[in-house]
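Have a look at the structure below, then the notes.
Heavy-atom basis, side chains included; hydrogens, waters and symmetry copies ignored. Sequence lines set the chain letters: A, B, ... in the order given, protein chains first and strands last, and positions in each chain run from 1.
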Amino acid sequence: MSNPKPSTVSNFIHDRIESDLNENKNDGQVVTRFPPEPNGYLHIGHAKSICLNFGTALKYDGKCHLRFDDTNPSKEETEYVESIMEDVRWLGFDWGDDLFYASNYFDKLYEYAEDLIKQGKAYVCDLSGDEIREYRGTLKEPGKESPYRARSIEENLDLFRRMKAGEFANGERVLRAKIDMKSGNIIMRDPVMYRIQKAEHHRTGSKWCIYPMYDFTHCLSDSIEGITHSLCTLEFENNRPLYDWFLDELQTECHPQQIEFARLNLNYTVMSKRKLLELVKNNHVNGWDDPRMPTISGLRRRGYTPESIRDFCERIGVAKADNTVDIALLEHCLREDLNKIAYRVMAVLKPVKVIIDNYPDGKTEDLTAENNPEDETAGTRTLKFSKEILIEQEDFTEDPPKKYFRLSPGNEVRLKHAYIIKCESVEKDDNDNIIQIHCSYDETSKSGGATADRKVKGTLHWVSAAHCAEAEVRLYSHLFTKENPESGDEDYKNFLNRESLEILTGCKVEQSLAGVKPGLNFQFLRQGYFCSDPDSTNENPVFNRAVSLRDTWAKIQKKGS
RNA sequence: UGCUCGGUGGUGAAAUUGGCAUCACGUCUGACUCUGGAUCAGAAGUCUCCAGGUUCGAGCCCUGGCCGGGCAGCCA
């Protein structure tokens, strides 16, 4: 496994950092941060942000902090904290000692809030939630000032301290910044800084009953940590004036620059934590790490490598335009990585028996198979060959269409690493199902043998019936049937692909795959890349199809139909 | 009819900051192949949302439109 390398392609953020560096801003330092809220599992969209933030630090010889933005105890859990750390690490990034929690700053944040009150720039407001919304105005109409806006500094201080002391109920009072109720930017209409929430926090327990809001917390956390460039997604653009306002009014020593970029969207899936949570909670998928999910843990279980995901994030670039990336690019990145490193093995997913009539009864042969033609150092393994073998049902047909290179009556194919065989006859049951196929083999055509270079059009994968293991194989396709399940008025769940998971049992795999450890990538020859699943047992190895191989034949068939 | 951001092949991103619109994915040909994989060679597809203007020269600057996104949580 390789470590992340500094990115070679630039983007508008790196351009700005370079111009800052040229002006010797921040003493030539670059410090970024990845600030997830621990309220769900990370997904491929977060991977973009992780690669951007950690990658930027790597490129400019700076640092990237991991900071949990844990200011809302009702939604956050330790389980999420742990999964996030695991995922970031797995992606190949290292935050060193720079692990932080916004909740670590609650004391400081509280002092900053009192500071603002003392400056007359924050006040305690008794309006109810509904009233606050009413007073806020609308997108087109200005808001009205709260009747509590004019409270004295002393009264505000007293009330805020009593909020902290737990004297009031949830929702009874909030602390607000005194900015401008007529601002065109609704964010600036006296935003709430603190709310009362009598809830157990996953780190601070019951120490606090007031919790700071995102806007107040984020800029100050960045400032406290000495972040130079605070990279976030586009929906926070409107919040930047507020980010700057808090830091300006509090005259903090460090004033990071917030820069926004467009979040990642992928077709045939959804990318909001809320929707992913819903899929998990309502059992539309089997947990956060279901291989169909765009979560990091799902992709990992599916068989994606950290390298392929980083490569993907590099290729999609960073810009400000809304975008939907074709999932085919992600798949391309995986194939490219796995092509270099995955061992080739043979697995027959839907078997049909072939009997080689002129092959001696009871004979077995050891054949030598290369593990990876793309990598000489990968070595070889031994394969057993015998009279009865299994091939893929798809690889035989009685009436071959045009350009069909596989096995059919009277036709020859090569068995990979073994002999050329010819179909002599077909045996069927009463219902016209093929039971077994009778073939003859050309003894001199053995790989490495006398007429080994004799050409036939097709080459098939196979396993020896007496020398194989049974396995379960899970085939995945797009989670949604629609490119953009979120467009239009209809509920995205209506577009869930009912056939996104196909479970195949009774698959036959070569012996070397028996008892395989989970998390290993293989190429099943001619089929795709598969990854052993944690559900595997010695008796029942389970493989997930990460991605199929490019399939020219499938395209030809599609055009024909 | 508030504030704000964006618009470059099918998709994503570039364009040395005003100088021949480039790259990748995808698509399509063909070659090669003991994986219909990989690889290699090639092709089509954008004249940059529109209309003006400045300029020898505009994707880039200016003006006016058009279209799309975000913002009215005591979420982040």
Looking for any heavy atom pair under 4.0 Å, which part of the strands does A:His417 touch: base, sugar-phosphate only, or nothing? base
Using a cut-off of less than 4.0 Å, is there contact between a side-chain N or O of A:Ser183 and OP1 or OP2 of B:rC3? no
Taking the same atom, P, in B:rC62 and in B:rG69, what whole-Å distance lies between them? 25 Å
In terms of ring plane angle, is the pair A:Phe106 and A:Trp208 parallel, tilted or perpendicular, where the classes change at 30° and 60°? perpendicular
Heavy atoms only, 4.0 Å cut-off, all strands: where does A:Ile316 land among base, sugar-phosphate and nothing? sugar-phosphate
Rounded to whole Å, the NZ-C1' distance (A:Lys416 to B:rG36) equals 13 Å
Between B:rU4, B:rC74, B:rU35, which nucleotide gets closest to the side-chain atoms of A:Ile132? B:rC74
Against the side chain of A:Ser447, the closest entry in B:rC34, B:rU11, B:rG36 is B:rC34
Could you tell me how far apart A:Ile186 (CD1) and B:rC71 (P) are, to the nearest whole angstrom? 11 Å
Is A:Asn239 touching bases, backbone alone, or none of the nucleic acid, heavy atoms closer than 4.0 Å? base
Can you tell which of B:rC3, B:rA76, B:rC25 lies closest to the side chain of A:Leu329? B:rC25
Pairwise P distance, B:rU8 and B:rG68 [rounded to whole Å]: 14 Å
Is any side-chain nitrogen or oxygen of A:Thr552 closer than 4.0 Å to OP1 or OP2 of B:rG37? yes
Out of B:rA24, B:rA76, B:rA14, minimum distance to the side chain of A:Arg195 belongs to B:rA76
Nearest-neighbour nucleotide for the A:Asn339 side chain, B:rU33, B:rG37, B:rC75 considered: B:rG37
In whole angstrom, give me the gap between the P atoms of B:rA38 and B:rG6. 39 Å
Between the base of B:rU1 and the side chain of A:Lys140, is one N or O donor paired with an acceptor at under 3.5 angstrom? yes
Dump the intermediate steps for ring-ring contact (aromatic ring centres under 6.0 Å, His included) on A:Phe216 and A:Tyr112, then the final yes or no. CA-CA 9 Å; A:Phe216 184 64; A:Tyr112 276 126; 7.3 Å; no
Tell me: CG of A:Leu330 to C1' of B:rA24, nearest whole Å? 14 Å
Taking salt bridge (Lys or Arg N to Asp or Glu O under 4.0 Å) as the criterion, tell me which of A:Arg381, A:Arg344, A:Lys416 meets it with A:Glu510. A:Arg381
Select one nucleotide: of B:rA76, B:rG6, B:rC34, the one nearest the side-chain heavy atoms of A:Glu37. B:rA76
Mind calculating the distance between CG (A:Asp326) and P (B:rC23) to the nearest angstrom? 20 Å
Rounded to whole Å, please give me the gap between CD in A:Glu260 and C1' in B:rC71. 13 Å
Taking OP1 and OP2 of B:rU11, is either one under 4.0 Å from a side-chain nitrogen or oxygen of A:Arg315? no
What contact category does A:Leu367 fall into here, base, sugar-phosphate, or nothing, at under 4.0 angstrom with non-hydrogen atoms? nothing
Can you spot which of A:Lys182, A:Lys178, A:Arg149 makes a salt bridge (Lys or Arg N to Asp or Glu O under 4.0 Å) with A:Asp190? A:Arg149
Please classify the nucleic acid contact of A:Glu374 as base, sugar-phosphate, or nothing, using heavy-atom distances under 4.0 Å. base
Minimum-distance nucleotide to A:Arg526 side chain [options: B:rA14, B:rG36, B:rU33]: B:rG36
Can the ring centres of A:Phe68 and A:Tyr101 be said to be less than 6.0 Å apart? yes
Closest approach to the side chain of A:Arg414, judged atom by atom: which nucleotide of B:rC34, B:rA76, B:rG69 is it? B:rC34
Mutual orientation of the aromatic rings belonging to A:Tyr419 and A:Phe385 [parallel < 30°, tilted 30-60°, perpendicular > 60°]: tilted
Check A:Val174, A:Leu109, A:Thr71 against A:Tyr194 for a side chain to side chain contact (heavy atoms under 4.5 Å, CB included) and give me the one that passes. A:Leu109
Thinking salt bridges, do A:Arg263 and A:Glu235 make one under a 4.0 Å N-O criterion? yes
When all nucleic acid strands are considered with a 4.0 Å heavy-atom cut-off, which category describes A:Gly448: base, sugar-phosphate, or nothing? base
Inter-nucleotide C1' distance (B:rU17, B:rA21), Å rounded: 15 Å
Just to be sure I understand the rule, does A:Asp322 reach a base, reach only the sugar-phosphate, or reach nothing, if contact means heavy atoms closer than 4.0 Å? sugar-phosphate
What interatomic distance, in whole Å, is found between C1' of B:rG18 and the corresponding atom of B:rA58? 7 Å
Return the value, rounded to whole Å, for the distance between atom CD of A:Glu486 and atom P of B:rG68. 19 Å
For B:rG36, take OP1 and OP2 only and decide whether either is under 4.0 Å from a side-chain N or O of A:Arg550. no
Is the phosphate of B:rU35, meaning OP1 or OP2, less than 4.0 Å from a side-chain N or O of A:Arg406? no
Does A:Lys457 place a side-chain N or O at less than 4.0 Å from the phosphate oxygens OP1/OP2 of B:rG36? no
By the 4.0 Å heavy-atom rule, please label A:Arg189 as base, sugar-phosphate, or nothing. nothing
Taking atom P of B:rU27 as reference, at what distance in whole Å does atom CD of A:Glu331 sit? 11 Å
When the aromatic ring centroids of A:Trp553 and A:Tyr404 are compared, is their separation below 6.0 Å? yes
Of the listed nucleotides B:rC34, B:rG26, B:rA76, the one nearest the side chain of A:Ala328: B:rG26
Contact class for A:Gln523 (heavy atom, under 4.0 Å): base, sugar-phosphate, or nothing? base
Syn versus anti for B:rU17, judged by chi lying within 90° of 0? syn
By the 4.0 Å heavy-atom rule, please label A:Tyr404 as base, sugar-phosphate, or nothing. base
Send over the distance from A:Tyr343 OH to B:rA38 C1', rounded to a whole Å. 18 Å
Using a heavy-atom cut-off of under 4.0 Å over every strand shown, decide if A:Lys273 touches base, sugar-phosphate, or nothing. nothing
Sort out the partner of B:rA31 for me: Watson-Crick or G-U wobble, both distances under 3.5 Å, none otherwise. B:rU39
Which part of the nucleic acid, if any, lies within contact of A:Ala554, taking any heavy atom under 4.0 Å across all strands shown: a base, the sugar-phosphate backbone alone, or nothing? nothing
Is B:rG73 in the syn range, within 90° of 0, or in the anti range? syn
Is there ring stacking between A:Tyr214 and B:rA76, where the centres must be under 5.5 angstrom apart and the planes under 30 degrees? no
Write down the partner of B:rG57 under the Watson-Crick or G-U wobble criteria, each distance required to be under 3.5 Å. none
Integer angstrom distance from the C1' of B:rG12 to that of B:rG73: 33 Å
Of all the choices, B:rG7, B:rG2, B:rU4, which nucleotide is nearest to the side chain of A:Ala321 once you look at every atom? B:rG7
Would you mind classifying the nucleic acid contact of A:Lys446 as base, sugar-phosphate or nothing, using non-hydrogen atoms under 4.0 angstrom? base
Using the ring of each side chain (for Trp, its six-membered ring), is A:Trp288 parallel, tilted or perpendicular to A:Tyr80, with breaks at 30° and 60°? perpendicular
Any base atoms under 4.0 Å from A:Met188, or only sugar-phosphate, or nothing? Heavy atoms, all strands. nothing
